[in-house]
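One structure below.
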Amino acid sequence: IYRTYIFPWLIILVFGGVVLTILSMVYDSHKAKKVASYMVTSVATGNIVGILVSNAVIKAWGIGWAFLIPGTITLFFAVI
């Protein structure tokens, strides 16, 4: 229960506070707004696409592959 309530607030704190502050320091006002909107849109799109892809993978090959595929991709990017 603790994690259920604290995690959304932690995400809001990170995206709403730290990241947006850094964006406003790096870019001018107009560019920072555009970059922030891309960031928020990509996070939302990634969540939706992730759910759709994982459901398709589970239906096609089983639940094990739903963990193996992202794990392999993460390992690949961690190594390079």
Side-chain angles (χ1 to χ4, degrees):
I1 290 179
Y2 177 72
R3 286 183 290 180
T4 304
Y5 293 115
I6 198 72
F7 186 71
W9 291 107
L10 183 63
I11 295 299
I12 290 169
L13 176 67
V14 169
F15 281 126
V18 177
V19 174
L20 295 179
T21 301
I22 292 171
L23 287 177
S24 66
M25 291 169 53
V26 172
Y27 299 108
D28 63 63
S29 175
H30 179 71
K31 181 77 171 177
K33 290 177 185 177
K34 186 179 279 191
V35 171
S37 69
Y38 291 151
M39 181 190 69
V40 171
T41 303
S42 68
V43 169
T45 304
N47 286 334
I48 293 168
V49 170
I51 291 169
L52 295 175
V53 169
S54 66
N55 281 333
V57 168
I58 289 170
K59 287 179 183 176
W61 297 304
I63 196 155
W65 285 95
F67 291 95
L68 187 62
I69 292 172
T72 304
I73 294 169
T74 303
L75 181 63
F76 172 75
F77 283 109
V79 170
I80 62 167

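Along the sequence shown, residues are numbered consecutively beginning with 1.
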Those residues at least two apart in sequence (or on a different chain) that pass side chain to side chain contact (heavy atoms under 4.5 Å, CB included) with K33 are S29

When the side chains of residues 57-64 are checked against the rest of the protein, which donor-acceptor pairs come out under 3.5 Å, sequence neighbours left out?
none

Sequence neighbours excluded, the answer for side chain to side chain contact (heavy atoms under 4.5 Å, CB included) partners of Y38 is K34

Hits for side chain to side chain contact (heavy atoms under 4.5 Å, CB included) against L68, two or more places apart or cross-chain, chain-then-number order -> W65, T72

For V79, the hydrophobic cluster (side chain heavy atoms closer than 4.5 Å, chained through members) also holds L75

Tracing side-chain contacts under 4.5 Å among Ile, Leu, Val, Met, Phe, Trp and Tyr outward from L52 reaches I48

Exercise. Determine, using the 4.5 Å side-chain heavy-atom cutoff (strictly less than), whether I51 and F67 are members of one ILVMFWY cluster.
Key: no

Linking I/L/V/M/F/W/Y whenever their side-chain heavy atoms sit closer than 4.5 Å, directly or via other members, would M39 and V26 fall into one cluster?
yes

Correct closest heavy-atom pair for A32 and S24 would be CB-CA, 4.2 Å

